[in-house]
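The structure appears below as structure tokens.
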Protein chains: 2
Amino acid sequence: ILQLERVSRIYDTGKVLVPALQDVDLTVDRGEFLAIVGPSGSGKSTMMHILGCLDRPTSGRYVLDGTPVEELDDDALAAVRSRSIGFIFQSYNLLPRTSALENVATPLAYQGVPRRERLERARAALTLLGLGDRLDHEPTELSGGQQQRVGIARALVTEPAVLLADEPTGNLDSHAGAEVIELFRQLHATGRTIVLITHDLEVAEAADRQVHIRDGRIAPDGRIAA
Amino acid sequence: ILQLERVSRIYDTGKVLVPALQDVDLTVDRGEFLAIVGPSGSGKSTMMHILGCLDRPTSGRYVLDGTPVEELDDDALAAVRSRSIGFIFQSYNLLPRTSALENVATPLAYQGVPRRERLERARAALTLLGLGDRLDHEPTELSGGQQQRVGIARALVTEPAVLLADEPTGNLDSHAGAEVIELFRQLHATGRTIVLITHDLEVAEAADRQVHIRDGRIAPDGRIAA
Ligand SMILES: Nc1ncnc2c1ncn2[C@@H]1O[C@H](COP(=O)(O)OP(=O)(O)OP(=O)(O)O)[C@@H](O)[C@H]1O
Ligand SMILES: Nc1ncnc2c1ncn2[C@@H]1O[C@H](COP(=O)(O)OP(=O)(O)OP(=O)(O)O)[C@@H](O)[C@H]1O
Ligand SMILES: [Mg+2]
Ligand SMILES: [Mg+2]
């Protein structure tokens with residue numbers, strides 16, 4: 001259960017102030033599958049980083065599972081993230097010079113899972129994403145879509161209560177993309193909460209509900225087109 | 001006029017050999033607009049890097065405008081690239097800690113264009129891509145789709161004889177993506193050659209011809225689906 005209450009986020013580049021989010025109210029219920037759509041630069045990734053406790057609002061409040069996130073210090077935030085949130089980054093954020101297998105096993109290490117089990121679960125997650133023959137490859141030895149799928153496997157391997165997916169299919173062909181959305185559906189069917197940013201309106205159709213964002217604001221009736 | 005003759009490319013990771021391209025024959029005529037489609041991992045970016053003189057085949061020949069590229073040393077290759085080829089990378093490859101304006105102006109510096117003119121042309125290219133108010137932003141201060149558009153502007157600013165675009169719309173909403181394809185059409189209308197890798201079948205429709213690749217091989221009748 002995720003709640004943004006009048007959340008604003010202003011970036012200060014030192015030369016100019018950029019209001020990336022303005023007065024955003026958003027409630028995501030437990031077990032909901034929500035899609036966020038909107039033009040490039042409209043604030044989607046900014047919103048996602050706040051939802052994922054990777055960034056804090058400039059004003060307003062983010063309440064996660066009943067707890068105002070502002071009350072948590074950085075260590076407590078990190079604990080929440082590793083325990084309950086799976087984050088698929090728009091630009092993958094894979095560990096360089098680290099194999100696909102080790103990349104996917106890493107979040108399980110933070111959860112204290114023993115080495116043999118986490119390598120086995122990582123292997124299974126990568127196989128599910130069609131990368132069973134790429135376990136040893138490092139990011140520079142993988143295609144763009146393969147790197148994207150490693151990021152997806154890494155987020156799914158912990159079976160998180162909340163999955164935040166920032167444009168997870170942008171570098172995948174339609175077949176691979178459909179397989180990813182099917183995995184999200186299966187995760188959702190177990191009761192988990194999913195927030196998905198996508199530019200692909202077909203992918204957005206998989207969600208229960210769509211929220212439209214433009215220039216940092218959520219459209220009141222959800223009818224602003226991307 | 002680009003010709004791949006029985007081109008193969010094998011990657012050696014030290015643990016395993018990956019045959020990314022196998023016996024590829026491809027001819028792109030001057031002024032043609034060709035789309036390359038195929039599953040993730042099928043060899044598209046590998047082919048593009050060879051076409052762009054950023055990589056050499058393991059076997060076979062690449063003939064660019066009548067010249068076998070194997071006869072050119074690295075300096076001559078770099079000269080060909082800066083003079084005639086515009087490359088849009090799947091992962092953008094922007095210069096870090098460098099503004100969008102400076103990123104886009106850089107290829108013009110390699111062509112010896114005076115500073116004031118190259119900043120003006122860079123500004124114009126970025127404005128054409130909707131980034132006129134983001135000129136000073138560095139890559140980490142831009143959204144994913146904005147970074148993608150900076151990469152596009154950088155490839156277009158030199159008005160190259162050959163444009164190689166590796167998945168240029170993956171992080172763009174449909175409106176911004178359509179604007180990019182329109183710019184490609186305009187470039188093509190002036191007689192330039194365009195090779196475009198895309199997972200978006202609508203985007204592929206903009207090309208004159210489509211080539212289908214799967215497991216490093218080109219489909220003989222172009223009918224293997226992505
Ligand atoms: N440096 C490397 N070492 C080993 N294997 C590599 C290397 N780079 C790429 N590969 C492999 O070669 C194959 C082709 O890669 P390529 O990047 O050309 O695919 P692609 O068609 O562009 O895929 P995508 O649509 O996902 O971008 C992939 O299976 C990939 O794992
Ligand atoms: N560190 C930063 N400093 C200044 N401005 C920033 C910074 N990061 C993002 N921005 C700006 O904030 C706005 C929102 O960015 P955000 O990444 O949330 O967009 P987005 O909706 O995810 O876009 P896309 O669909 O292209 O990924 C953009 O206009 C961007 O230029
Ligand atoms: Mg984004
Ligand atoms: Mg590729």
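Chain naming here is simple, since letters A, B, ... match the order of the sequence lines and numbering starts at 1 in each. Bear in mind that the values here come from a model prediction, so they are computed numbers and not experimental data.
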So CG of A:N171 and OG1 of B:T198: to nearest 0.5 Å the spacing works out to 9.5 Å
When every non-hydrogen atom of A:K15 is compared with those of B:D136, the smallest separation belongs to NZ-CB, 3.8 Å
Between the NZ atom in B:K44 and the CG atom in A:D173, the distance rounded to the nearest 0.5 Å is 7.0 Å
Is any side-chain heavy atom of A:H137 closer than 4.5 Å to a side-chain heavy atom of B:V16?
-> yes
- Message: When you compare the side chain of A:E141 with that of B:V18, does any pair of heavy atoms fall below 4.5 Å?
- Response: no
More than 12 heavy atoms from other groups under 6.0 Å of OH on A:Y11 = yes
If one checks every heavy atom of B:Q146 against chain A at 4.5 Å, the contacting part turns out to be both
Applying a strict 4.5 Å limit to non-hydrogen atoms, the region of B:S45 in contact with chain A is neither
Checklist entry - More than 12 non-hydrogen atoms from neighbouring residues, nucleotides or ligands closer than 6.0 Å to CG on A:D215, yes or no? => result no
Are more than 12 heavy atoms, taken from residues, nucleotides or ligands other than A:Q186, located less than 6.0 Å from that residue's CD atom? yes
More than 12 heavy atoms of other residues, nucleotides or ligands under 6.0 Å from CZ of B:R6: is that the case?
-> no
From the list B:G130, B:G43, B:G41, the residue making the most non-hydrogen contacts under 4.5 Å with chain A is B:G41
Turns out that what part of B:S40 lies under 4.5 Å from chain A's heavy atoms comes down to both
